[in-house]
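Got a structure here, written out as structure tokens. Questions coming.
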Amino acid sequence: MTVVVTSAGLVSSLGDTPASFHQALCEGRSGQGPVDHFDCDRLPRADAFPIADFSPREHLGPGNLRALDRTSRLATCGVQKALDAGTWGDNGAREGLGLVLGTMFGSIRTISEFDRRCLEAGPQYVKPLDFANSVINAAAGQAAIWHRLPGINATLTGGPMAGLQAIGYGADRIRRGRSRSLLAGGAEELSFEASFGFTRAGQVADDGAPRPFSDTGEGFLLGEGAAFLVLEEGAAAGRRGAAPLAEVRGQGNAFDASRGEHAERAVATATRAIGLALEEAGLAAGDIAAVFGGASGWRPGDQCEADALARIFGARVPVTAIKALVGECLGASGGLQAVAALETLRTGQLPGTPGTTDAMAGLDVPSTARALDRPENLLITAAGFDGNHYALILGRAT
């Protein structure tokens, strides 16, 4: 059974349509800038990749937004954009339409504020509206309520790979006949809590911009956003009159229990995930036109991914890492990568990776955009901080 992508939508630091987002990436524009929606005084730097002047009203119109925190607003806006880009009505056309959302921390800012107020001021002073958002699946639930989505409502929490996992899980449901159509992707807010935690872990860049796949990389900077694909069974999409943008052809997932501490085992695990995706798609390494890598500028993770890609593709396949321009968006990253890949299939333009010159493992990592000759299959990869590796293949619709 063929699973096709019929529309996509996003909100990001570089735009809120797939075309504008991809164009910004190809032009090498960066979403890096000052953070103004939380206090950065206790952080070593006050810049990241925020969505500047984020205005949910622009996307959602009138309605009561009080129940939605920042993560839920990002997710709800991303879903709105994906629906707007497709041929979905408000009522009957959405019958059975579900939502699978990937995130790492969910509404971490709301959860922290709720707990802090409860401990400092007392339980009677907490905000009741915050309580509804203090669970990891709040954003998916809030988005489905807002858009009246009656199908499956699921949340995956696979760290930076959660958005890709959501797309793969959604595609599996459709192939097995458990869903006819659904939205799949990820959402993540930029928060003080996550910024502080990754800073203490030594993974945030001390200065400058992140340099993925570079031996001189000092770490990543966090970003935020939401991005979703509408997935449908191919024949059903045809009956609905929806033109497919791409096909979900294969996926692979593998886990390294050493959490990357054993270098060879980590590389073998990443290699296995990619191999499983190729096997499910019925493709060989030579069938992949380009790779959208999950590298963020954090050297241990980037090196593992680079070695795995070099082991399978050598320097034959160009590799790009959009986190150089949008930051490490955690659960939203996979959805953003997938939207960029869709646009590369459509336009033949592969975004570059500014700031990366001598790439790890001899990979071909262009610093500026590169034209591809009618790409048929693109590989998207992601890695978690706990040893999780994921790979997804999108192909040109037939």
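All values below were derived from every heavy atom in this structure, side-chain atoms included, with hydrogens, water molecules and symmetry-related copies excluded.
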Practice task
Evaluate the criterion side chain to side chain contact (heavy atoms under 4.5 Å, CB included) for residue pair Asp358 and Asp215; output intermediate values, then yes/no.
Solution key: CA-CA 7 Å; Asp358 296 326; Asp215 284 324; 5.6 Å; no
Handout entry: Of all pairs that satisfy salt bridge (Lys or Arg N to Asp or Glu O under 4.0 Å), the ones with a partner from residues 318-335, not counting sequence neighbours
Key =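 Sorted pair list: Lys323-Glu328.
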Handout entry: Minimal non-hydrogen separation, Gly78 against Val11, with atom names
Key =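 Looking at all heavy atoms of both residues, the closest pair is N-CG2, 4.4 Å.
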Exercise for the section: Quick one: name the residues clustered hydrophobically with Leu276, using the 4.5 Å side-chain heavy-atom rule over I, L, V, M, F, W, Y, and just say none if it's on its own. Expected result: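 Leu276 clusters with nothing; isolated.
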Handout entry: Shared hydrophobic cluster, Leu231 / Leu345 (ILVMFWY, side-chain heavy atoms < 4.5 Å)
Key = yes
Practice task
Hey, could you give me each pair passing salt bridge (Lys or Arg N to Asp or Glu O under 4.0 Å) that has a residue in residues 364-385? Not counting sequence neighbours.
Solution key: Asp364-Arg370, Arg374-Glu376, Glu376-Arg396
Problem - Cluster overlap Met161 with Leu330, hydrophobic side-chain contacts below 4.5 Å - result: no
Practice task
Check whether any side-chain heavy atom of His37 sits under 4.5 Å from a side-chain heavy atom of Leu190, and report yes or no.
Solution key: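 In short, these two side chains touch, coming nearer than 4.5 Å.
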Exercise for the section: Mind listing the closest non-hydrogen atom pair of Gly286 and Arg316 along with its distance? Expected result: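 Shortest heavy-atom separation between Gly286 and Arg316 comes out as CA-NH2, 3.3 Å.
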Problem - Beyond-backbone contact of Pro18 with Leu342, side-chain heavy atoms, under 4.5 angstrom - result: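 They are not in contact (no side-chain heavy atoms under 4.5 Å apart), so the answer is no.
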Problem - side-chain contact (heavy atoms from CB on, under 4.5 Å) partners for Ala315, two or more places apart - result: none
Practice task
Report yes if the side chains of Arg178 and Ile152 come closer than 4.5 Å at any heavy-atom pair, otherwise no.
Solution key: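 With C-beta onward as the side chain, the pair stays apart.
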Practice task
Would you check if Leu221 and Val204 make a side-chain contact, meaning some heavy-atom pair closer than 4.5 Å?
Solution key: yes
Exercise for the section: Would you list the pairs meeting side-chain hydrogen bond (donor to acceptor under 3.5 Å, both in side chains) in which at least one residue belongs to residues 243-253, sequence neighbours left out? Expected result: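 As it turns out, the side-chain hydrogen bond (donor to acceptor under 3.5 Å, both in side chains) pairs with a partner in residues 243-253, which skip direct neighbours, are Gln165-Asn253, Asp172-Gln251, Glu247-Arg249, Glu247-Thr398, Arg249-Asn377, Gln251-Tyr390, Asn253-Asn388.
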Practice task
Could you work out the complete set of other residues in the hydrophobic cluster of Ile288, with links drawn between I, L, V, M, F, W and Y side chains under 4.5 Å apart?
Solution key: Phe213, Ile274, Leu278, Leu283, Val291, Leu309, Ile312, Phe313, Val317, Val319, Leu363, Val365, Leu379, Ile393
Exercise for the section: Hey, could you give me the CZ/CG distance between Phe54 and Asp16, rounded to the nearest 0.5 Å? Expected result: 10.0 Å
Problem - ring pair (Phe, Tyr, Trp, His ring centres under 6.0 Å) involving Phe192 - partner list, sequence neighbours excluded - result: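 Counting only residues at least two positions away or on another chain, Phe192 forms a ring pair (Phe, Tyr, Trp, His ring centres under 6.0 Å) with Phe196.
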Handout entry: Pairs where residues 65-88 contributes a residue and the test salt bridge (Lys or Arg N to Asp or Glu O under 4.0 Å) is met, not counting sequence neighbours
Key =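 Qualifying pairs: Arg70-Glu224.
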Practice task
Assess whether side chain to side chain contact (heavy atoms under 4.5 Å, CB included) is satisfied between Arg299 and Met360, documenting all intermediate values.
Solution key: CA-CA 9 Å; Arg299 269 181 285 177; Met360 295 172 168; 3.7 Å; yes
Practice task
Output the distance between atom CD1 (Ile174) and atom OG (Ser181), rounded to the nearest 0.5 Å.
Solution key: 7.0 Å
Problem - Residues that Phe38 engages under ring pair (Phe, Tyr, Trp, His ring centres under 6.0 Å), provided they are two or more places apart - result: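 In terms of ring pair (Phe, Tyr, Trp, His ring centres under 6.0 Å), with neighbours along the sequence ignored, Phe38 is linked to no residue.
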Exercise for the section: Please write out which residues are connected to Ile136 in a hydrophobic cluster, directly or through intermediates, given that two of Ile, Leu, Val, Met, Phe, Trp, Tyr count as joined at side-chain heavy-atom separations below 4.5 angstrom. Expected result: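 In the cluster with Ile136 there is nothing else; it is isolated.
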Completion exercise
In terms of heavy-atom contacts, Gln349 and Ala369 come closest through OE1-CB, 4.3 Å
Exercise for the section: Apply the side chain to side chain donor-acceptor pair (under 3.5 Å) test between Arg211 and each candidate in Thr356, Thr353, Thr216; give the one that qualifies. Expected result: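 Only one of Thr356, Thr353, Thr216 forms a side chain to side chain donor-acceptor pair (under 3.5 Å) with Arg211, namely Thr216.
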Problem - Sub-4.5 Å side-chain heavy-atom contact between Ile111 and Phe105 - result: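 The answer is no; the side chains never approach within 4.5 Å.
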Handout entry: Phe255: ring pair (Phe, Tyr, Trp, His ring centres under 6.0 Å) partners, not counting sequence neighbours
Key = none
Problem - Atom pair CG (Leu99) and CZ (Phe228), whose distance is rounded to the nearest 0.5 Å - result: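 Between Leu99 CG and Phe228 CZ, I get 5.5 Å after rounding to 0.5 Å.
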Exercise for the section: Determine, stepwise, if the pair Leu325 / Phe21 fulfils side chain to side chain contact (heavy atoms under 4.5 Å, CB included). Expected result: CA-CA 11 Å; Leu325 299 172; Phe21 177 67; over 6 Å; no
Handout entry: All pairs passing side-chain hydrogen bond (donor to acceptor under 3.5 Å, both in side chains) where residues 195-210 contributes a residue, at least two apart
Key =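 Pairs touching residues 195-210 that pass the test: none.
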Practice task
May I ask whether Val100 and Leu149 are part of the same hydrophobic cluster, defined by side-chain heavy atoms of I, L, V, M, F, W, Y residues being less than 4.5 angstrom apart, directly or through others?
Solution key: no
Practice task
State whether a side-chain donor-acceptor pair under 3.5 Å links His22 with Thr344.
Solution key: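 Judged by distance alone, the side chains do pair up.
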Problem - Common cluster, Leu164/Leu25, ILVMFWY with side-chain heavy-atom separation under 4.5 Å - result: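 Yes: a chain of side-chain contacts under 4.5 Å links Leu164 to Leu25.
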Handout entry: 4.5 Å side-chain heavy-atom contact, Val339 and Leu229
Key = yes
Exercise for the section: Give, for atom CD1 of Ile322 and atom OG of Ser296, the distance between the pair rounded to the nearest 0.5 Å. Expected result: 12.0 Å
Problem - Ring geometry between Phe220 and Phe385 (parallel below 30°, tilted from 30 to 60°, perpendicular above 60°) - result: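 Phe385 and Phe220: tilted rings.
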Problem - From Glu343 atom CD to Leu378 atom CG, the distance as rounded to the nearest 0.5 Å - result: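 Between Glu343 CD and Leu378 CG, I get 11.5 Å after rounding to 0.5 Å.
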Exercise for the section: Would you check if Cys26 and Pro351 make a side-chain contact, meaning some heavy-atom pair closer than 4.5 Å? Expected result: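 Yes; the side chains approach each other to less than 4.5 Å.
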Handout entry: pair Pro210-Gln32: side-chain heavy atoms closer than 4.5 Å
Key =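 Side chain of Pro210 against side chain of Gln32, heavy atoms only: contact under 4.5 Å found.
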Practice task
Flag the pair Arg109 and Glu189 as a salt bridge only when some basic side-chain nitrogen lies within less than 4.0 angstrom of an acidic carboxylate oxygen.
Solution key: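 The answer is no: the pair does not qualify as a salt bridge.
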Practice task
Using a strict cut-off of less than 4.0 Å between a Lys/Arg side-chain nitrogen and an Asp/Glu carboxylate oxygen, indicate whether Glu264 and Arg311 qualify as a salt bridge.
Solution key: yes
Handout entry: From CA spacing to verdict: side chain to side chain contact (heavy atoms under 4.5 Å, CB included), Phe49, Ser12
Key = CA-CA 9 Å; Phe49 291 84; Ser12 77; over 6 Å; no
Handout entry: Residue from Arg240, Arg239, Arg180 passing salt bridge (Lys or Arg N to Asp or Glu O under 4.0 Å) with Glu232
Key =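 That would be Arg240.
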